[in-house]
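One structure is given here, and the rest of the page talks about it.
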Amino acid sequence: DSLDTIKANKKIRVAIDLGSPPFGMNDSAMQPTGSDVETAKALAADLGYALEIVQVTSPNRVPFLLTGKADMVMASFSINEERKKVIDFSAPYGVIQVVIAAPKNVAITDLKDVVGKRLGTTRGSTNDKEATTQAQGAEMVRYDDDATLITALISGQVNIMASSPQVMAAVNARRPNDPYEVKLVLKTNPYAAGFRKGDDALRKVVDDWIATNLANGKLSKIYETYNGVPLPAEMPK
Amino acid sequence: MPGFSFTHLEFLAWAALWTVGLSVIAFVGGGLLGFVVALARVSASRSLRIAAIVYIQLVQGTPLLILLFLIYFGVAIAGFDAVPAIIAAGAGLTVYSSGFLAEIWRGCIQSVPKTQWEAAECLALTRWQRMTRVVLPQALRLATAPTVGFLVQIVKNTSLASVVGFIELSQAGKLINNSIFEPFTIFIVVAVFYFALCFPLSTWSRSLERKLNVSRR
Amino acid sequence: MHAPVSAKAVVSLSNVHKSFGALKVLDGVSFDVGPGEVTAIIGQSGSGKSTALRCINALETIQEGSIHVCGHAVHDPALDRRALRRDVGIVFQSYNLFPHLTVEQNIMLAPTCVKSMSKAEARELAREVLARVGLEAKAEQYPEQLSGGQQQRVAIARSLAMKPKLMLFDEVTSALDPQLTGEVLKVMESLAAGGMTMILVTHEMAFARRVASTVIYMHQGKVWESGPGSMLDRPQTEELRGFVGSGL
Amino acid sequence: MHAPVSAKAVVSLSNVHKSFGALKVLDGVSFDVGPGEVTAIIGQSGSGKSTALRCINALETIQEGSIHVCGHAVHDPALDRRALRRDVGIVFQSYNLFPHLTVEQNIMLAPTCVKSMSKAEARELAREVLARVGLEAKAEQYPEQLSGGQQQRVAIARSLAMKPKLMLFDEVTSALDPQLTGEVLKVMESLAAGGMTMILVTHEMAFARRVASTVIYMHQGKVWESGPGSMLDRPQTEELRGFVGSGL
Amino acid sequence: MTYEFDFSVLLPFWREFATGVWLTLQLSALATVLGFVLGTLCAIGRADGSPAVKWAVATYVEVIRNTPLLVQIFLVYFGIATLGVHVSANMAAVIALVVNVGAYTCEIVRAGLESVHKAQLEAADCLGLSRVQTYWHVVLRPAVERVYPALTSQYVLLMLASSITSQISAEELTAVANRIQSDTFRSFETYIVVGVLYLLLSFVVRAAFWGFGMVVFVRRRKLGTAL
Ligand SMILES: Nc1ncnc2c1ncn2[C@@H]1O[C@H](COP(=O)(O)OP(=O)(O)OP(=O)(O)O)[C@@H](O)[C@H]1O
Ligand SMILES: Nc1ncnc2c1ncn2[C@@H]1O[C@H](COP(=O)(O)OP(=O)(O)OP(=O)(O)O)[C@@H](O)[C@H]1O
Ligand SMILES: [Mg+2]
Ligand SMILES: [Mg+2]
């Protein structure tokens with residue numbers, strides 16, 4: 001069992017995607033940072049293990065977990081039924097909104113307004129899934145990671161986004177003159193850490209830690225540092 | 001938000017070292033394996049030849065990304081989960097380059113005229129002697145230029161090792177971009193790094209080609 | 001038509017058949033070559049001359065008949081090819097020198113590899129055979145630095161270095177201009193004079209007439225006519241008459 | 001030494017000098033060829049025979065002297081090469097057929113491209129010239145399917161299709177065996193008989209003697225001797241005597 | 001490590017795989033044709049152009065061959081957008097692929113051009129053909145014929161490399177695969193399927209080239225020479 005190995009090595013290996021700001025990214029000194037990174041640090045510190053960040057990308061984060069190259073994944077994993085068949089999730093430790101945003105002069109009040117329009121998003125993300133199912137008739141323009149999406153939004157390759165407010169904030173920092181604004185909120189998704197199936201002991205430990213730190217406000221504080229807003233009082237299911 | 005800084009340049013330089021390291025591994029490993037495959041490809045045994053053809057076709061028809069992925073994680077699924085990424089990436093790149101080098105070298109071996117084989121045969125040399133004393137020295141001259149040329153491809157293709165967790169030049173560029181969103185500056189700098197690594201190689205390959213062409217006249 | 005295999009023949013072909021796929025190239029060829037004899041094979045392009053030589057040296061396998069060369073049963077699938085080739089030297093129209101080796105190295109290769117001669121011995125040998133073809137001065141050159149006639153003479157020297165009992169020559173002068181041809185023919189003449197057993201495929205009718213003890217005219221994969229060199233002056237068949245007459 | 005340029009000469013070289021870098025290849029060459037005349041150029045390898053032919057067809061530029069061919073001033077930098085080449089056909093030793101085109105397509109190419117002939121006309125023309133070289137049956141074949149002699153005859157046919165006023169032949173038989181040589185020479189003989197003006201570089205002394213109205217012996221870039229074919233039987237100079245004697 | 005493979009999960013996605021394969025084929029076919037034209041023109045320019053043209057082509061070839069395709073794609077996609085011109089991702093992908101493969105084609109075709117014997121040019125010249133006619137009728141076909149295997153391999157590589165265009169939102173096979181594996185987390189199964197699909201695609205490309213060669217290189221077909 002993974003927990004035994006962790007105990008034996010006094011080290012927990014957490015896979016984090018450093019390509020999805022503000023959850024995982026590098027600071028100007030090229031050190032990992034972001035809410036997932038800070039959460040992992042806090043978790044490891046509280047449990048009394050050293051933390052090893054395993055850098056992953058969106059295509060390889062699940063294989064890293066499944067082949068035992070990491071003990072758990074914290075990469076803003078939204079929970080869904082399909083995914084549950086492959087891995088186990090912890091209790092949610094954060095939320096991510098799926099919004100549709102565009103500059104002021106683009107009139108969008110309703111999902112009907114995006115029909116036929118080009119909607120930028122990140123391929124395979126929950127945003128992608130929500131927007132594809134809800135905004136039927138819109139043309140999805142999918143990029144490999146948030147960074148490319150942000151670049152596309154800044155350079156004007158697309159001008160409507162289906163992503164998180166966090167991405168919108170990153171975009172607006174780069175174009176202060178004509179900022180994007182949230183037009184529609186499609187969904188609020190909880191996200192959680194991922195485990196190999198059957199790693200129940202480890203999952204139990206993490207679940208307990210999440211419960212404690214949601215209650216004492218520590219997780220909300222970390223979240224607020226990077227996302228600008230606190231966690232909602234009640235985690236959605 | 002801070003812009004592109006010296007820290008980033010340093011980060012890229014370290015990543016470039018990985019690119020070089022992976023290239024060396026791929027080239028040495030791929031060279032050794034590729035040589036064996038090339039020999040099998042021109043061997044007298046039909047089954048060896050067919051095996052070599054299948055191997056080459058499989059390797060050349062699969063994207064390197066998929067190859068790396070399947071080797072790294074496939075080995076783990078097969079029960080060897082302690083294989084370090086460097087070995088897996090090295091193995092993947094080795095397999096990849098061996099497929100291409102084998103084909104390049106086969107071409108060179110076979111472009112040594114059949115009459116040279118015959119002449120050697122008529123002097124009572126053994127098959128091995130014919131290969132090592134007559135054919136390979138000639139093939140070697142033909143092979144140097146395209147081999148060095150392929151090295152450039154390997155250098156560029158190590159970028160795909162990011163799929164198994166390597167932070168080499170391209171991945172480093174992406175990470176920096178995630179942090180500061182200046183795709184132009186970053187990708188042009190990355191391009192310059194690659195150019196600095198590759199251009200000397202292609203120039204060398206070209207000069208080799210020219211030299212050999214002259215002496216063949 | 002064919003005399004019984006002479007016990008002391010160096011080469012003896014008997015009823016040799018050879019096809020490439022559907023194409024019949026040798027159609028029952030028989031002839032003998034005794035020790036010290038010089039046999040010239042002439043005939044139209046495609047008549048099977050080269051193929052006959054290649055069969056003698058086991059570069060091609062035959063479908064029917066027997067070939068004995070210096071005591072080796074060449075038609076036998078169990079033939080020891082390397083032993084055969086230690087006894088037989090062959091020189092081709094296109095020289096086939098090894099371009100990456102110097103003249104001397106070209107000549108030393110087989111003696112050192114096959115006869116395990118020491119480098120020094122082999123070098124001595126190389127100088128000796130080069131002297132025989134009049135090219136001592138070119139030992140250190142690479143083939144591409146030589147003229148066609150010189151390359152051809154090196155090719156002959158390379159074969160001689162193995163001290164073969166039999167030499168085969170396949171149109172060794174037809175890539176050369178008349179002057180260079182002269183040089184090569186001179187070497188061959190001196191070999192013949194030295195008692196070497198030789199079979200040569202040639203277009204140089206005059207040369208064939210002069211050095212060959214026997215001339216074989218091949219036509220459509222068969223030995224059409226054979227006899228002493230003087231036979232060319234009194235052709236028995238229409239075909240040979242046409243062939244001899246066609247040159248100017 | 002050189003007769004004044006005859007007004008009706010088809011080709012007229014006067015004091016032509018040509019060097020490749022430091023190497024002097026033509027050193028004051030002058031000769032005329034009148035309409036219907038057949039001129040054979042002979043000489044050792046390297047004496048400048050091919051170069052002379054190439055200068056006549058403007059494949060090389062000369063440094064000094066003048067060349068007039070069918071009314072074109074070839075030495076003039078303002079020469080209209082394409083017009084010149086409509087009047088002059090050249091055939092090389094190495095055939096230079098286009099390997100990816102059939103025999104017929106090889107022949108049709110220039111008439112359709114250069115003379116804007118229709119495909120049908122060009123095909124008819126191709127059949128006609130092929131008949132003249134005795135190869136009607138090979139129209140659909142590819143060059144590599146033909147023997148050397150046949151390829152060479154196709155090359156001649158290809159030149160003939162442009163109905164040139166002058167034909168140049170550069171050692172067109174030296175890559176061929178005696179029989180194939182015979183075929184090609186026959187075609188050239190019939191051209192000569194038909195009144196075509198021709199210049200041929202050749203090693204076939206006997207042929208030169210038979211068809212050439214003038215033989216030119218070149219040596220060291222100069223016209224060393226010239227005269228009717230019979231001159232070969234009574235060489236005036238040491239060099240020509242040596243040259244004629246060297247063949248077997 | 002035990003892992004239960006379950007390919008059935010991917011079955012519902014067959015339509016998406018199919019569209020991905022189709023787009024991959026379209027992208028590579030278009031890039032192949034245009035890249036060949038561009039590369040051939042460059043090769044001719046390099047063999048026979050003015051010094052300025054030669055220099056320009058050489059620079060183009062060196063820059064492209066010594067930098068990664070990914071970087072080129074980014075520069076094309078975002079570069080064009082910054083100029084205020086909006087092209088679709090597929091269009092940008094094709095442009096980048098054409099520019100890329102054009103450089104490689106140029107090198108390969110140049111080798112082919114050089115392998116055409118000078119005597120052939122002379123023969124055409126002596127028959128009075130113009131330069132353009134000579135290239136078109138005498139040089140190009142044998143040149144391309146001689147380097148056809150190298151070209152085939154290059155365009156198979158192009159097809160494989162087109163996977164990189166997923167990064168700028170082209171929905172080709174790799175993009176589809178990444179989306180599906182994110183949806184299902186069935187990474188191994190997805191990658192195996194995609195690997196097999198690419199393998200099949202590379203056979204399709206080779207077969208297409210072989211067939212095209214049979215049509216164009218009539219002589220090879222008639223004489224039964226292998227390509
Ligand atoms: N390896 C081969 N495969 C198929 N056919 C062959 C092969 N070698 C020779 N032939 C054919 O066999 C026939 C005889 O060839 P061979 O080379 O013996 O003729 P040759 O008398 O030497 O002619 P030449 O004077 O042109 O050299 C020719 O028709 C030739 O095309
Ligand atoms: N393009 C060239 N560059 C430099 N030297 C050349 C060139 N073409 C010919 N030569 C030299 O010019 C001299 C004469 O050549 P040419 O081909 O005219 O001789 P030739 O009389 O035709 O001889 P052969 O009988 O061997 O064909 C030779 O020494 C040759 O090496
Ligand atoms: Mg032969
Ligand atoms: Mg000449």
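Chain letters run A, B, ... following the sequence lines, proteins first, then strands; residues in each count from 1.
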Verdict with supporting geometry, D:Asn96 and E:Glu122, side chain to side chain contact (heavy atoms under 4.5 Å, CB included): CA-CA 9 Å; D:Asn96 300 347; E:Glu122 255 176 19; 5.5 Å; no
When you look at D:Phe98 and E:Val139, which way does the side chain to side chain contact (heavy atoms under 4.5 Å, CB included) test go after all the steps? CA-CA 9 Å; D:Phe98 304 128; E:Val139 178; over 6 Å; no
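If you tally non-hydrogen atom pairs under 4.5 Å between each of D:Gly89, D:Ser159, D:Ala110 and chain E, the highest count goes to D:Ala110. Of the listed residues (D:Leu101, D:Leu97, D:Val91, D:Leu168), the greatest number of heavy-atom pairs within a distance under 4.5 Å of chain E belongs to D:Leu97. When D:Val114, D:Leu84, D:Asn57, D:Thr102 are compared by the number of non-hydrogen pairs under 4.5 Å with chain E, D:Val114 comes out ahead.
Only the side chain of E:Gln133 comes within less than 4.5 Å of a heavy atom in chain D; its backbone stays farther off. For chain D, the nearby parts of E:Val218 are the backbone and the side chain; heavy atoms of each come within less than 4.5 Å. Contacts between D:Gln105 and chain E at a heavy-atom distance below 4.5 Å are absent for every atom of the residue.
Taking 4.5 Å as the limit, every side-chain heavy atom of D:Pro99 sits out of range of all side-chain heavy atoms of E:Glu145. When side chains are defined from C-beta on, E:Cys126 counts as touching D:Phe92, because their heavy atoms get closer than 4.5 Å.
In this structure, D:His100 contributes its side chain and E:His137 its backbone to a donor-acceptor pair below 3.5 Å. Although no hydrogens or angles enter the test, the distance criterion places a donor-acceptor pair under 3.5 Å between the side chain of D:Arg82 and the main chain of E:Gly128.
Note that CZ of D:Arg158 and CG of E:Leu127 are 5.0 Å apart. Values are rounded to the nearest 0.5 Å.
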